[in-house]
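Here the structure comes first, spelled out in structure tokens, and everything after it is commentary.
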Amino acid sequence: MKRKSIVKDKIPYLWYLLQSVYINFKLLPFRQAIKMPILTIRPKLVSVKGKVEIDDAVCKFGVIKLGEWGVKAFPNSGITINMQGGTWKVHGKVWIGANSSLEIGRNGILETGDDLMAGTSLKLFCYRKIEIGESQRFGWNCTVMDTNFHPLKKKETGEKKPSGAPIKLGNHNWCATNNVVMPGVKTPDWCIFGYGSVLTRGMECEEYGVHGGSPVRVLSRGVYRDVEDDLDSAVYGPFEN
């Protein structure tokens, strides 16, 4: 009975592996696909079109991990992949946690720097262009969207107003829990955005600053998040004397 239970538990992961094989060979050139750089857990494949371009220097097994359950307070629901076309350019390690969604439109260009991490529930919609710098961190339940999907019209002329604009996030940015990044946002390096921030085009923003409020403004200066020294001893363990 115990042996049967082990086999039963392994079956879903074999299926996830087969889906990962399909994704790799569907989106990558053969010379890269055989290395299995993209690994998925519980993927929901709405559409798998377009292409992924991974720098040869970083293309290795599991450099991109999607849908792993890392934050136990959120559902272990894998990742929804809806690549309708477009291109994902990858320059290094990517880890996007469970309960997330990755959507790239037919003409979308997503470009991610090395060491991108999103804990859980990231919703990313790329229909124009989204550039994400190195060592980007997304907290829980963040949304990044370069389109509003529904353009408005001017009353007098019937002219459509733009419904979106490219996004560019600098290196070493940290978007905390419940952040929303709207079309047209550009940020410099070393930015922190506090809980519930809504990042909009033209907001006040500067390096080594903590930002928050509505509209977003600088709350403090001269600080940054060091991802190599990132655990608060009050939460994760005893204080050291």
Side-chain angles (χ1 to χ4, degrees), residues 71 74 80 82 84 86-89 91 94 96-97 99-113 115-225 227:
V71 180
F74 285 77
T80 299
N82 185 9
Q84 304 164 18
T87 303
W88 183 6
K89 300 180 180 182
H91 301 302
V94 175
I96 298 176
N99 198 41
S100 294
S101 177
L102 175 63
E103 186 167 313
I104 301 177
R106 288 178 296 176
N107 300 313
I109 299 175
L110 173 62
E111 187 167 1
T112 55
D115 192 29
L116 163 63
M117 293 190 69
T120 181
S121 307
L122 174 69
K123 306 297 185 287
L124 192 150
F125 304 91
C126 178
Y127 281 78
R128 286 170 173 76
K129 186 173 185 180
I130 297 176
E131 297 178 67
I132 299 175
E134 296 181 359
S135 296
Q136 170 73 38
R137 294 294 185 270
F138 289 105
W140 306 347
N141 198 38
C142 288
T143 299
V144 183
M145 51 193 301
D146 65 359
T147 176
N148 295 322
F149 291 105
H150 309 292
L152 302 179
K153 287 187 176 181
K154 293 184 178 179
K155 178 183 176 183
E156 300 300 328
T157 64
E159 177 188 356
K160 281 187 178 181
K161 298 182 66 177
S163 60
I167 290 171
K168 185 172 184 179
L169 301 179
N171 300 320
H172 306 284
N173 278 204
W174 175 22
C175 293
T177 298
N178 288 338
N179 271 206
V180 179
V181 183
M182 298 298 292
V185 164
K186 293 182 180 180
T187 68
D189 298 342
W190 298 104
C191 285
I192 297 172
F193 298 95
Y195 181 99
S197 296
V198 179
L199 284 60
T200 57
R201 185 200 319 244
M203 63 185 179
E204 180 185 1
C205 191
E206 60 185 60
E207 290 187 0
Y208 296 102
V210 177
H211 308 77
S214 181
V216 167
R217 63 187 187 280
V218 180
L219 302 179
S220 63
R221 294 179 169 86
V223 294
Y224 72 101
R225 177 179 179 180
V227 296

request  = Would you kindly say whether Glu103 and Tyr127 are connected by a side-chain donor-acceptor distance under 3.5 Å?
outcome  = yes
query = To the nearest 0.5 Å, how far apart are CG in Leu116 and CD1 in Ile96?
reply = 5.5 Å
request  = Check side-chain hydrogen bond (donor to acceptor under 3.5 Å, both in side chains) between Asn173 and all other residues, then give those that pass, not counting sequence neighbours.
outcome  = Thr187
message = Ignoring hydrogens and geometry beyond distance, is a side-chain donor-acceptor pair present between Asp115 and Ser135 at under 3.5 Å?
response = yes
query = Asn171: what forms a side-chain hydrogen bond (donor to acceptor under 3.5 Å, both in side chains) with it, not counting sequence neighbours?
reply = none
request  = Among residues two or more places apart or on two chains, list those pairs meeting ring-ring contact (aromatic ring centres under 6.0 Å, His included) that have a residue in residues 155-174.
outcome  = His172-Trp190
key: Any pair counted as side-chain hydrogen bond (donor to acceptor under 3.5 Å, both in side chains), so long as it reaches residues 148-158, sequence neighbours left out   = none
query = With sequence neighbours left out, what residues match Arg128 under salt bridge (Lys or Arg N to Asp or Glu O under 4.0 Å)?
reply = none
task = Count the heavy atoms belonging to other residues, nucleotides or ligands that lie under 6.0 Å from NZ of Lys123, then report whether that count exceeds 12.
result = yes
request  = Could you grab the distance from atom SG of Cys191 to atom OH of Tyr224, nearest 0.5 Å is fine?
outcome  = 15.0 Å
message = Could you report the tightest heavy-atom contact between Ile167 and Met145, atom names first, then the distance?
response = CD1-O, 3.3 Å
ask   = Do Leu169 and Val185 touch side chain to side chain, with heavy atoms closer than 4.5 Å?
value = yes
key: Matching residue for Tyr195 among Thr177, Asn179, Asn178 - test: side chain to side chain donor-acceptor pair (under 3.5 Å)   = Asn178
query = CZ/Arg137 to SG/Cys142 distance, rounded to the nearest 0.5 angstrom?
reply = 13.0 Å
message = How long is the straight-line distance from CD of Glu159 back to NZ of Lys161, given to the nearest 0.5 Å?
response = 9.5 Å
key: By side-chain hydrogen bond (donor to acceptor under 3.5 Å, both in side chains) - contacts of Ser197 (at least two apart)   = none
task = Report yes if some heavy atom in the side chain of Tyr208 is under 4.5 Å from a heavy atom in the side chain of Val223; otherwise report no.
result = no
task = Scan for salt bridge (Lys or Arg N to Asp or Glu O under 4.0 Å) pairs involving residues 180-202, sequence neighbours excluded, and state none if there are none.
result = none
key: Working for side chain to side chain contact (heavy atoms under 4.5 Å, CB included), residues Leu110 and Leu102   = CA-CA 10 Å; Leu110 173 62; Leu102 175 63; 3.9 Å; yes
key: Qualifying residues under side chain to side chain contact (heavy atoms under 4.5 Å, CB included), relative to Pro215, sequence neighbours excluded   = none
Gln84 and Ile104, any side-chain heavy atoms less than 4.5 Å apart = no
key: Heavy-atom pair of closest approach, residues Ser121 and Asn99   = OG-ND2, 2.8 Å
message = Working to the nearest 0.5 angstrom, can you tell me the gap between Ile109 CD1 and Trp88 CH2?
response = 15.0 Å
message = Holding to side-chain hydrogen bond (donor to acceptor under 3.5 Å, both in side chains), I want the full list of residues that pass it with Ser100, two or more places apart in sequence or in another chain.
response = none
ask   = What closest approach, in Å, do Val144 and Phe138 show between heavy atoms, and which atom pair accounts for it?
value = CG2-CE2, 3.7 Å
ask   = Looking at residues at least two apart in the chain, or sitting in another chain, which of them share a ring-ring contact (aromatic ring centres under 6.0 Å, His included) with Phe193?
value = His211
ask   = Just how far is it from atom CD1 of Ile130 to atom CD1 of Ile132, taken to the nearest 0.5 Å?
value = 6.5 Å
ask   = Considering residues at least two apart in sequence or located in another chain, which fulfil the salt bridge (Lys or Arg N to Asp or Glu O under 4.0 Å) criterion with Lys129?
value = Glu131
request  = Can you run down the side-chain hydrogen bond (donor to acceptor under 3.5 Å, both in side chains) pairs that involve residues 212-221, sequence neighbours left out, and say none if there aren't any?
outcome  = Glu206-Arg221
request  = Please name the pair of heavy atoms, one in Ala176 and one in Gly194, separated by the smallest distance, quoted to 0.1 Å.
outcome  = CB-C, 3.9 Å
ask   = What are the two closest heavy atoms between Cys175 and Leu199, and how far apart are they?
value = SG-CD2, 4.5 Å
